[in-house]
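Here the structure is laid out as structure tokens; the discussion comes afterwards.
Lettering of chains follows the sequences in order, A, B, ..., and the numbering in each one begins at 1.
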Protein chains: 2
Amino acid sequence: MTSGSSKGLEGTATPVGFAHHDHGTCVADGLAAAETRCEKKNLRFTPVRRKVLEILLQEHRALGAYTILDRLRDEGFGSQPPVAYRALDFLVAHGLAHKIERLNAFIACAHPGENHAPAFMICRLCDSVAEAHSVVAKGALGTAARAIGFRIERTVVEAEGVCPNCAEKAPEKVSV
Amino acid sequence: MTSGSSKGLEGTATPVGFAHHDHGTCVADGLAAAETRCEKKNLRFTPVRRKVLEILLQEHRALGAYTILDRLRDEGFGSQPPVAYRALDFLVAHGLAHKIERLNAFIACAHPGENHAPAFMICRLCDSVAEAHSVVAKGALGTAARAIGFRIERTVVEAEGVCPNCAEKAPEKVSV
DNA sequence: ATGAGGAATGTAACGTTATACAATCACATG
DNA sequence: CATGTGATTGTATAACGTTACATTCCTCAT
Ligand SMILES: [Zn+2]
Ligand SMILES: [Zn+2]
Ligand SMILES: [Zn+2]
Ligand SMILES: [Zn+2]
């Protein structure tokens, strides 16, 4: 609902967010996938973990831990920081959510189940975030890393800019 | 956690950084380059800004704002957070330093003067950080971005892993 | 069933990182 | 000199994250 754009965009099937889509299925599908995944791996998909993932799935943008905590409180869960951080740690550890380092905030994974190195595009105008598959840095930076003998274990790839929806609405705001 | 060195580097002659080099010139050259650059762009390279850059240049790793603040205090500068953050903001804004988002910490730019999109390799064992030129994400993620109409303005590319020096010393610690 | 042990949760207190806003200073202009 | 303007500094507080410990909830072997 946060994107809320009524613009049609180019009808192309984009590999990542920003595109107009039937958001109703996002939450349901995401929760179902997580449930399946946890069952398969023998992980406990507890109520609070499920709720946090649901909260994240409701938005295609990153939410701070304390924003999540507020919503947990409203739902009758604990109201202290560890409640949110523990659930988030679980989700991140098992690939159901990601942390956006640039924002100190979290977002539901858009490609659960697949083993991936995520890359993100963050709109500075509407705060929406899209996740792309990214062999990217592993390939390009990876070459440089191999050259000097650095062993990459994890990558953070985040692009900040203006999403197609916002660019259309405010083409002038170019400078940073 | 950023304050106080906890890792035992004393064993070797390589304090920080991946490659052996004459570190004496790092600080002097970096300060000289910054001075020139500020003069050319009519920027005020004030004592506190200069000091912060000097502090950063002394290490090839990222320092937290409060670690820097501690050192500023020791040198007789102000001791309140904004003193450090304002100097850091200046240095980052003008390409003399970078923020490592993954660490919430700062490092002197290794390629001042050049207009670049930096990428970093962070050793999780010795905390050293190496900066690489990175057309990387602009090229690879950039392709994906163009495909959907996202305009990239800034990129964060950070690889976490084990540097060549540490890999040599502790080849066993592979776990992720 | 039952009690032991480990995982998960609830709660309080604390630590770290970052910014908002008011006050002040430096300087140019009338 | 008086005054407006923009940069700089000082103070308080917001935002983000962790530690510690008591309690509850599973699971499993007696
Ligand atoms: Zn959706
Ligand atoms: Zn946008
Ligand atoms: Zn050096
Ligand atoms: Zn290392």
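- Atom CG of D70(A) and atom C1' of dC16(D) are 13 Å apart (whole Å).
- Under the salt bridge (Lys or Arg N to Asp or Glu O under 4.0 Å) criterion, R102(A) pairs with E160(A), E101(B), not counting sequence neighbours.
- Between D89(B) and R86(B) there is no salt bridge, since none of the side-chain N atoms of the basic residue sits less than 4.0 Å from a carboxylate O of the acidic one.
- Residue N104(B) contributes atom CG, which lies 10 Å from atom C1' of dA18(C) at whole-angstrom precision.
- Pairs engaging residues 143-166 of chain A under the ring-ring contact (aromatic ring centres under 6.0 Å, His included) rule: F150(A)-F18(B) [sequence neighbours left out].
- For R49(B) and dT9(D), the shortest distance from a side-chain N or O to OP1 or OP2 is not below 4.0 Å.
- Side-chain to base pairing of Y66(B) with dA18(C): one donor and one acceptor N or O lie within less than 3.5 Å of each other.
- Between the NZ atom of K99(B) and the P atom of dC16(D) there is a distance of 12 Å, rounded to whole Å.
- Here the C1' atom of nucleotide dG17(D) and the CG atom of L103(A) are 16 Å apart, to the nearest Å.
- The side chain to side chain contact (heavy atoms under 4.5 Å, CB included) test applied to K51(A) returns E54(A), I55(A), L72(A), E75(A), F77(A), not counting sequence neighbours.
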Listed pairs under 3.5 Å, donor-acceptor, residues 28-48 of chain A side chains, sequence neighbours left out:
| residue | atom | partner | partner atom | Å |
| --- | --- | --- | --- | --- |
| E35(A) | OE1 | R50(A) | NH1 | 2.5 |
| T36(A) | OG1 | A32(A) | O | 3.0 |
| R37(A) | NH2 | H94(A) | O | 3.1 |

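- Smallest separation of non-hydrogen atoms from R61(B) and S128(B): CB-CA, 3.9 Å.
- A heavy-atom distance below 4.0 Å to DNA chain D is reached by these residues of residues 72-91 of chain B, ordered by number: Q80(B), P82(B), R86(B).
- Using modelled atom types, one finds no donor on one side chain facing an acceptor on the other under 3.5 Å when comparing Q58(B) with H23(B).
- Between D74(A) and R71(A), none of the side-chain N atoms (NZ, or NE/NH1/NH2) sits under 4.0 Å from a carboxylate O, so this pair counts as no salt bridge.
- The distance between atom CZ of R102(B) and atom C1' of dT17(C), rounded to the nearest whole Å, is 16 Å.
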Strictly under 3.5 Å: I want the nitrogen or oxygen pairs between protein and nucleotides 23-28 of chain D, one per line.
none

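- Atom pair K51(A):NZ and dT9(C):P shows a separation of 15 Å (rounding to whole Å applied).
- Atom CD1 in I68(A) sits roughly 10 Å away from atom P in dG17(D) (whole-Å rounding).
- The distance from the CG atom of L88(A) to the CD1 atom of I68(A) is 4.5 Å, given to the nearest 0.5 Å.
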